[in-house]
Amino acid sequence: MITLKSMRELDRMRRAGSIVHSVLDAMEGWIRPGVRTKELDRRAESLIRERGAEPSFLGYMGYTASICVSVNEEVVHGIPSERVLRDGDLVSVDVGARYQNYHGDAARTFAVGGVSAPARRILEDTRSSLERAIAQVRSGAHLSQIARAVESVARERGYGVVRDYVGHGIGSRLHEDPQVPNFVSTQLLENDVELAEGMVLAIEPMFTLGSHQVRKLDDGWTVVTVDGALAAHFEDTVAVTAEGPEVFTRAPREAHAGREAL
Ligand code: MF3
Ligand code: CO
């Protein structure tokens, strides 16, 4: 069931999104060679709580940390640990915050120190595929337009698109209907949801530098590329409004950035 959010709910989600944004912004300064991924988790959790929210992921399906930190061939759901980040790593950080029972969810991939040209390229291209996807968001558009926008960037630039994990509706639950795939399929086209004012979606392209195939590690969470190739992941929480997309997980002045790309 897809829920349409009221103004009051959207306000809470706007606040949750801004807390997530502030954590990802701070992350930029925390991520450097020598830092442990657990330290990033600790700092993120403090900041979320300081701002009056709770980490959405902590305890979700038994998850034991507040954020996900996925390094190099890890795609998503990496568990923070004693692992030390090194110069040249490509690290994806996913953050969720619940404010007055409503969630915000976003992710970014960061370069640790200097990274290889292909690493820099996949980071930039995954980010721009999310930008292109957000530009599709308006009342009357269809989910497949989001999927097509992401997939076309991957095809032009030669990346694998992860299919086993997808974006999602979001609200008082972290994962709500509909699923938001990053590729077009007959299944999607046969049940192509029309976007309507009040829907809120977490759009989250995941690209790889090789095969799109992934597998889960024995820890029950960490998702890695089967061939060990680098991966990147960007995610934003986006509302469908009368004026087009509103990105909750950005600074207010950038919240409507997607509209210019229309
Ligand atoms: N942002 C992640 C997603 O939408 C949520 C991670 S779930 C967790 O898939 F349990 F790993 F935290
Ligand atoms: Co998500």
Side-chain angles (χ1 to χ4, degrees), residues 2-3 5 13 16-24 27 37-38 40-42 44-45 47-49 53-71 74-81 83 91-99 102-110 126-127 129-130 133-134 137 143 146-147 150 161-183 199-208 214-225 231-239 245 247-250:
I2 299 175
T3 61
K5 277 76 182 177
M13 297 193 73
S18 99
I19 294 168
V20 168
H21 171 259
S22 68
V23 174
L24 284 170
M27 205 54 74
T37 58
K38 230 181 173 159
L40 301 176
D41 184 67
R42 195 187 61 74
E45 179 174 0
L47 192 47
I48 290 168
R49 294 193 189 283
E54 297 97 49
S56 303
F57 304 167
L58 188 63
Y60 180 84
M61 312 259 287
Y63 192 70
T64 53
S66 294
I67 62 173
C68 302
V69 184
S70 309
V71 186
E74 297 174 356
V75 185
V76 287
H77 302 170
I79 307 169
S81 69
R83 180 175 186 160
V91 56
S92 301
V93 178
D94 196 335
V95 177
R98 181 176 56 240
Y99 178 77
Y102 285 83
H103 295 275
D105 185 8
R108 283 191 207 163
T109 297
F110 300 87
T126 310
R127 193 206 326 257
S129 80
L130 174 56
I134 291 171
V137 171
L143 271 188
I146 293 174
V150 172
V161 177
V162 172
R163 305 169 78 93
D164 292 355
Y165 295 84
V166 297
H168 49 94
I170 179 168
S172 57
R173 285 174 302 127
L174 179 60
H175 293 135
E176 299 187 353
D177 287 339
Q179 293 200 355
V180 183
N182 296 304
F183 58 98
M199 285 185 190
V200 185
L201 304 174
I203 304 174
E204 47 180 320
M206 289 153 259
F207 286 179
T208 68
V214 299
R215 68 185 175 87
K216 201 187 285 178
L217 296 186
D218 289 337
D219 64 16
W221 285 100
T222 314
V223 175
V224 298
T225 54
H233 176 215
F234 279 82
E235 175 178 25
D236 275 308
T237 297
V238 184
V247 187
F248 286 161
T249 42
R250 300 235 171 124

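Please read these numbers as outputs of a predicted model, since none were measured by experiment. Quick note: numbers below take in every heavy atom, side chains included, and nothing from hydrogens, waters or symmetry partners. Every number for a ligand or one of its atoms is a count from 1 in the order of the listing.
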Peer 1: Less than 4.5 Å apart, side chain to side chain, heavy atoms only: is that true for T109 and F234?
Peer 2: yes
Peer 1: Do the side-chain N and O atoms of T249 and D236 include a donor-acceptor pair separated by under 3.5 angstrom?
Peer 2: yes
Peer 1: Grab the two heavy atoms, one from V69 and one from P80, that are nearest each other, plus how far apart they are.
Peer 2: CG2-CG, 4.1 Å
Peer 1: Where is the tightest heavy-atom contact between G167 and E204, given as atom of each residue plus distance?
Peer 2: CA-CG, 3.5 Å
Peer 1: Taking S66 for the side chain and D41 for the main chain, is one N or O donor matched with an acceptor at less than 3.5 Å?
Peer 2: no
Peer 1: Name whichever N, O or S atom of E204 ends up nearest to the Co ion (ligand 2).
Peer 2: OE2
Peer 1: With a 4.0 Å heavy-atom cut-off, what residues sit around ligand 1?
Peer 2: F57, Y60, Y63, C68, H77, D94, D105, H168, H175, E204, W221, E235
Peer 1: Has H175 got an N, O or S atom lying less than 2.8 Å from the Co ion (ligand 2)?
Peer 2: no
Peer 1: Could you tell me whether the side chains of H77 and Y165 share a donor-acceptor contact shorter than 3.5 Å?
Peer 2: no
Peer 1: Only to 10 degrees, please: what angle do the OD2 atom of D105 and the OE2 atom of E235 make about the Co ion (ligand 2)?
Peer 2: 80°
Peer 1: How far does CZ of F207 sit from CG of L130, to the nearest 0.5 angstrom?
Peer 2: 9.5 Å
